[in-house]
Enquirer: 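Okay, here's the structure, questions in a sec.
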Protein chains: 4
Amino acid sequence: MSTHSECGKEGEEKTIRQRATPRQPFDPGRRTTILQAAVRVFARKGFHRTTTKDIAREAGLAEGTLYNHFQNKDALLLALLDGLNETGRREADFAAADQEELETFLPRYFQQRLDALEQGAGDALSVILAELLTNAELRDTYAHSLVAPTLEIAERAFSRWAGQGRLRPEQLELTVRAVAALFLGMVVMRLLGDETLRQRWHELPDALTQLVLHGIGKDAV
Amino acid sequence: MSTHSECGKEGEEKTIRQRATPRQPFDPGRRTTILQAAVRVFARKGFHRTTTKDIAREAGLAEGTLYNHFQNKDALLLALLDGLNETGRREADFAAADQEELETFLPRYFQQRLDALEQGAGDALSVILAELLTNAELRDTYAHSLVAPTLEIAERAFSRWAGQGRLRPEQLELTVRAVAALFLGMVVMRLLGDETLRQRWHELPDALTQLVLHGIGKDAV
Amino acid sequence: MSTHSECGKEGEEKTIRQRATPRQPFDPGRRTTILQAAVRVFARKGFHRTTTKDIAREAGLAEGTLYNHFQNKDALLLALLDGLNETGRREADFAAADQEELETFLPRYFQQRLDALEQGAGDALSVILAELLTNAELRDTYAHSLVAPTLEIAERAFSRWAGQGRLRPEQLELTVRAVAALFLGMVVMRLLGDETLRQRWHELPDALTQLVLHGIGKDAV
Amino acid sequence: MSTHSECGKEGEEKTIRQRATPRQPFDPGRRTTILQAAVRVFARKGFHRTTTKDIAREAGLAEGTLYNHFQNKDALLLALLDGLNETGRREADFAAADQEELETFLPRYFQQRLDALEQGAGDALSVILAELLTNAELRDTYAHSLVAPTLEIAERAFSRWAGQGRLRPEQLELTVRAVAALFLGMVVMRLLGDETLRQRWHELPDALTQLVLHGIGKDAV
DNA sequence: CATGAATGAGGGTTCATTCAT
DNA sequence: CATGAATGAACCCTCATTCAT
């Protein structure tokens, strides 16, 4: 290939044309790079308003490159979901819920999950939650797996109480969901921009624990 | 001038316009018809995957007719939001929260709001919530107004307790949010398809009231 | 998420995209190709009656490709205008109007500009003129720059005469415009299809020069 | 497509026509009202950017009413053209070009036509000119009739000179066009917003006459 | 593997025209 | 005749995806 193609103007650098990007050694992190870029843009603009061009730009790559690592745009969302599930499950595994008193377990657990949101996980959650609310097929497939870890951990946590007869079995089901809902609701309100929650986020573990254990009347006792 | 200007290759015969179905007589509720059709499709497919053609088909109208009643597709979402706000505010006004004991007020309030979701409001909420999570501009403008009614009602409900010194002022803020979150979280879990919640939805008012007032340990006392 | 979200009545199978004709290798002149195609169609059908599909077809490209090179349809018009301006200015620069006797300069200048119209420039001019007459915003921005080159050249051409006191300064302004108008008017009449002008176009340089220098009565003198 | 296809065009006075059903008192000016409204909006926004709704609003009527008086939007333009033609022809008829010396006839004629533009006619001209430049079919049908009156008048005006042998017959053709072009060019430059012309518009009749009769060198003689 | 121009189906929106009232 | 809501073809434009380099 000649170096004097159709540039017309001559004079400037006639350096031999080199591959725009020399062949990179296989980079297993490329996939992660893309995914992280995607989350950032999704969080800013929402999944549907984000174009693949946006993601490519954010990742510093060409648009076509995305398709070497993900089958399509949807796959990015699914990968995000997988990531969130893993995280959730890892935390759940880590917590030895049934080995511990609720009084110490609950705040630690809340703390742990809320911390995760303070870091990047909130962005992903917001995107995924929106899509789950909106996409029936995705919801049928994944909705359960999103809440499941929390439900499981809560169930284990309350199992002893239930075992001791303090909670009737049919109460357990709703109670567990109530605690998960309390947590999830806080997260959603935070995602919706509640300023008070943003400022007092660190107080939540204790506050929620108090509420769960004793209701709002505790202090009055 | 299109009938005069066709020339050369591009010119083609203007197809005679034929009305397939004669239009209906004037309907003052046309705006409502469209809005309801829109919610139904939004709920099925999500806002972004819903086309204006979908909405028109669902409403039994021509696509262009939508634009005689709404400026654009976004306006449908805003109209939805307005509707939800009115609903929320109406309920809030109705409830004489500070005139009543929490024991009776809370379950009644929960009941009222949850009932609304059992009917059509849930569809709208799901759509709007997803969009609020995803659309920063919309969120800045409307997010507060979505949660505000619940927060206000909760604040009024707890005002007496706070007035009696049972809640410190700085507790009030978080407590109120915790109750709102408990409620919101339940709704979201329901929207995400939780089967247990769907079946035992009618038990929630009492169960949530118990939790709020006494925590999970109530039965043990 | 379109592959996951199709549900209910609206869902239909995604048609597999098949490229009809493999695209051409990278062509740096693609922008020019498009622009030239656009002028041709504009000239045939007028700007507003020309669809982007028309242009694409004329250029042998897909419709979307236009938008890789021009921001929108209007940008094609502006690019046309820029081209015309450059042309006009180049000619103006070339002509050493104030170095030469009017008797030799004028016919040469007329010849030069009229030749340009015989080639492609007339199409562009016709389109742009129509739009300038019709689009106030465009007119405010560009109208002056369209006539300016001719006015400038005419001013320079008459400067010596004016300097020698043969034209009073306040005459210069109108005289210059009269000559520009004479030229412009001829062009417009030609664009409007005057058959006589088409046939005797080559006589114009001399005829106009005679008129400008001596009026219609010259021969009688 | 005939220029007279509009309903009831054949009768000059509409007083003869009497509706059998005088629900509204028959208003022969309604058509004129609409046409004038149309010109105003066309002049502001251009023909293609003007919607029938715009015209209806400007005329203070409902959109459908337009179609009781004009077959379609194009017909408004044709009616405009007819009006301009009549005007032009009336002026041409009025002027006794061949009965008068050029020195007095020319400035009076220029004056007359330029005055017309100072009033409303310029708006219509600008719209029609743009469309003629742009619409081949319309151009073929009407372009000649737009310039014809001026050409005819000029021909008659110069006929004596030609008859006296001062202009060779083949010169006459081009000379006539040159004068028409001078006039037309001035109008176009004015329409394009030339500020100088706007301010010194009243000087044109004399200035143009001088140029036509003696060329730019007259004063120097 | 990376690139990014090309693709074209499909989206939201406009608007001339119709017609029941 | 006047009205104006309804119509739907057609427009401009977007953007996920492909593939030659």
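Each chain gets a letter, A, B and so on, in the order its sequence line appears, and its residues count up from 1. Just the heavy atoms: all of them, side chains too, but no hydrogens, waters or symmetry mates, feed the values below. In this text the structure is predicted, and so the values were computed from the model without any measurement.
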Enquirer: Between E/dG11 and B/His48, is there an OP1 or OP2 to side-chain N/O distance shorter than 4.0 Å?
Expert: no
Enquirer: For nucleotides E/dC1 and F/dT21, find the distance between their P atoms and express it as a whole number of Å.
Expert: 22 Å
Enquirer: Can you figure out which of E/dA16, F/dT7, F/dT17 approaches the side chain of D/Tyr67 most closely?
Expert: E/dA16
Enquirer: Can you list the residues that meet the salt bridge (Lys or Arg N to Asp or Glu O under 4.0 Å) rule with A/Glu58, with sequence neighbours excluded?
Expert: A/Arg40, A/Arg44
Enquirer: Please map the stems of DNA chain F, keeping only stretches of three or more Watson-Crick or G-U wobble pairs with both distances under 3.5 angstrom.
Expert: E:2-21 with F:2-21
Enquirer: Rounding to a whole Å, what distance do you find between C/Arg57:CZ and E/dT7:P?
Expert: 15 Å
Enquirer: So B/Leu138 and B/Ile128, do their side chains get closer than 4.5 Å, heavy atoms only?
Expert: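 Side-chain contact under 4.5 Å: no.
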Enquirer: Check whether any side-chain heavy atom of D/Ile34 sits under 4.5 Å from a side-chain heavy atom of D/Arg31, and report yes or no.
Expert: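 No, their side chains stay 4.5 Å or more apart.
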Enquirer: Check whether the side chains of D/Asn68 and D/Thr65 place a donor and an acceptor atom closer than 3.5 Å, and report yes or no.
Expert: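 Note: D/Asn68 and D/Thr65 side chains miss the donor-acceptor criterion.
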Enquirer: Rounded to whole Å, how long is the line connecting atom CG of B/Asn72 with atom P of F/dC12?
Expert: 20 Å
Enquirer: Evaluate whether atom NZ of A/Lys45 has more than 12 neighbouring non-hydrogen atoms of other residues, nucleotides or ligands under 6.0 angstrom away.
Expert: yes
Enquirer: Give the rounded distance in Å between these two atoms: CG of C/Asp54 and P of F/dC13.
Expert: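 Going from CG in C/Asp54 over to P in F/dC13 covers 14 Å.
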Enquirer: Let's see if you can work this out: which of E/dA2, E/dT3, F/dT17 has an atom nearest to the side-chain heavy atoms of A/Arg30?
Expert: E/dA2
Enquirer: How do B/Gly60 and A/Lys53 order along DNA chain F: which one's closest nucleotide is nearer the 5' end?
Expert: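 Here B/Gly60 is the residue nearer the 5' end.
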Enquirer: Give one of base, sugar-phosphate or nothing for D/Thr52, where a contact means two heavy atoms less than 4.0 Å apart.
Expert: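 Here D/Thr52 touches the bases of the nucleic acid.
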Enquirer: Measure from CG on C/Asp74 to P on F/dC11 and round the result to the nearest Å.
Expert: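 The answer, rounded to whole Å, is 16 Å.
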Enquirer: Within this structure, what is the CG-to-C1' distance between C/Leu61 and E/dA9, rounded to whole angstrom?
Expert: 17 Å
Enquirer: Any chance you could measure D/Glu131, atom CD, to C/Arg49, atom CZ, to the nearest 0.5 Å?
Expert: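 Reported value, rounded in 0.5 Å steps: 4.5 Å.
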Enquirer: For B/Leu66, answer base if it contacts any base atom (sugar-phosphate contacts may also be present), sugar-phosphate if it contacts only those atoms, and nothing otherwise; contact means non-hydrogen atoms under 4.0 Å.
Expert: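 Touches nothing.
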Enquirer: CD1 of B/Ile55 versus C1' of E/dG11: gap in Å, rounded?
Expert: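 Atom CD1 in B/Ile55 sits about 12 Å away from atom C1' in E/dG11.
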Enquirer: Compare the minimum distances between each of E/dG4, E/dA16, F/dT7 and the side chain of A/Glu63, then state the nucleotide with the smallest one.
Expert: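 The nucleotide sitting nearest to the side chain is E/dG4.
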Enquirer: What pairs with A/Asp123 under salt bridge (Lys or Arg N to Asp or Glu O under 4.0 Å), at least two apart in sequence or on another chain?
Expert: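 Salt bridge (Lys or Arg N to Asp or Glu O under 4.0 Å) list for A/Asp123, sorted by chain: empty.
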Enquirer: Could you tell me the separation between the CZ atom of A/Phe70 and the P atom of E/dC1, rounded to a whole number of Å?
Expert: 13 Å
Enquirer: Using a cut-off of 6.0 Å, state whether more than 12 heavy atoms not belonging to C/Lys73 lie near its atom NZ.
Expert: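 Enclosed: over 12 neighbouring heavy atoms sit under 6.0 Å from NZ of C/Lys73.
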Enquirer: From the options F/dC15, F/dG4, F/dC11, select the nucleotide whose nearest atom is closest to the side chain of C/Thr51.
Expert: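 Of F/dC15, F/dG4, F/dC11, F/dC11 is nearest to the side chain of C/Thr51.
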Enquirer: Please state whether the phosphate of E/dC1, meaning OP1 or OP2, lies under 4.0 angstrom from any side-chain nitrogen or oxygen of A/His69.
Expert: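 No, no such contact exists.
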Enquirer: Map C/Lys73 and D/Thr65 onto DNA chain F by nearest heavy atom, then report which one ends up closer to the 5' terminus.
Expert: D/Thr65
Enquirer: Given the structure, check if the side chain of B/Asn68 and the base of F/dA6 hold any donor-acceptor pair shorter than 3.5 Å.
Expert: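 Side chain to base: pair present.
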